[in-house]
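Structure first, commentary second.
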Amino acid sequence: MAIRNIYVEGEEVLRKISKPVTEFNQKLWILLDDMAETMNQADGVGLAAPQVGILKRVVVIDVGEGLIELINPKIIGQKGSQIEAEGCLSCPGEYGKVKRPSWVSVQAQDRHGNEIVREGTGLLAVAFCHEIDHLDGKIFKDIAIEMLDVKSEE
Ligand code: NI
């Protein structure tokens with residue numbers, strides 16, 4: 001496994017639409033392993049492939065309940081709403097309040113191409129939405145209700 005470089009806001013790759021994964025092979029598995037290691041090392045709860053410069057629809061998430069790998073994810077159901085502070089490994093030191101569904105259901109494929117459905121509430125629901133947005137070139141700051149002044153809060 002290897003730590004990959006995390007691209008930060010301003011890099012064009014973060015604004016592009018990622019392509020669906022069609023081959024579930026060693027190259028994908030290396031990417032997934034590297035993304036998980038990169039996320040853990042950066043203390044993040046989620047990472048999308050465009051953040052490491054790869055325009056493929058691949059996401060890893062770990063909100064403290066174990067690693068979730070999502071290939072070609074899409075939101076197939078959502079309920080309620082929540083407003084929570086979000087940050088992003090591509091926007092270091094910046095946090096903002098974002099409105100998201102409080103429950104989200106995601107259809108995706110696992111690393112072998114098998115169809116899976118995952119559901120999440122709270123932080124996991126936020127992570128699903130936040131990471132899938134990255135695959136469409138969107139950053140949480142685009143939809144933040146307000147950005148937080150972190151220094152004055154401490
Ligand atoms: Ni992010």
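Note that ligands are numbered from 1 as they come in the structure, with each ligand's atoms numbered from 1 the same way. In this chain, numbering begins with 1 at the start of the sequence shown.
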Checklist line | No-hydrogen, no-angle side-chain donor-acceptor test under 3.5 Å, E9 and S90 | finding: no
Note to self: Tell me every residue that passes side chain to side chain donor-acceptor pair (under 3.5 Å) with N5, counting only those two or more places apart in sequence or in another chain.
What the structure shows: none
Margin query: With 2.8 Å as the limit, count the protein N, O or S atoms near the Ni ion (ligand 1).
Written below: 3
Check: Do the charged groups of K16 and D136 touch, with an N to O distance under 4.0 Å?
Finding: no
With a 3.5 Å cut-off and sequence neighbours excluded, list the donor-acceptor pairs that the side chains of residues 61-74 form with protein atoms.
residue, atom, partner, partner atom, Å
D62, OD1, G64, N, 2.8
D62, OD1, G66, N, 3.4
E69, OE1, R111, NE, 3.0
E69, OE2, R111, NH2, 2.8
N72, OD1, V21, N, 2.8
N72, ND2, V21, O, 3.0
N72, ND2, Q109, OE1, 2.9

Check: Rounded to the nearest 0.5 Å, what separation is found between the CG atom of N114 and the CZ atom of F24?
Finding: 9.0 Å
Notebook entry, point to check: Listed by chain and number, what are the ring pair (Phe, Tyr, Trp, His ring centres under 6.0 Å) partners of F140, not counting sequence neighbours?
Noted result: H130
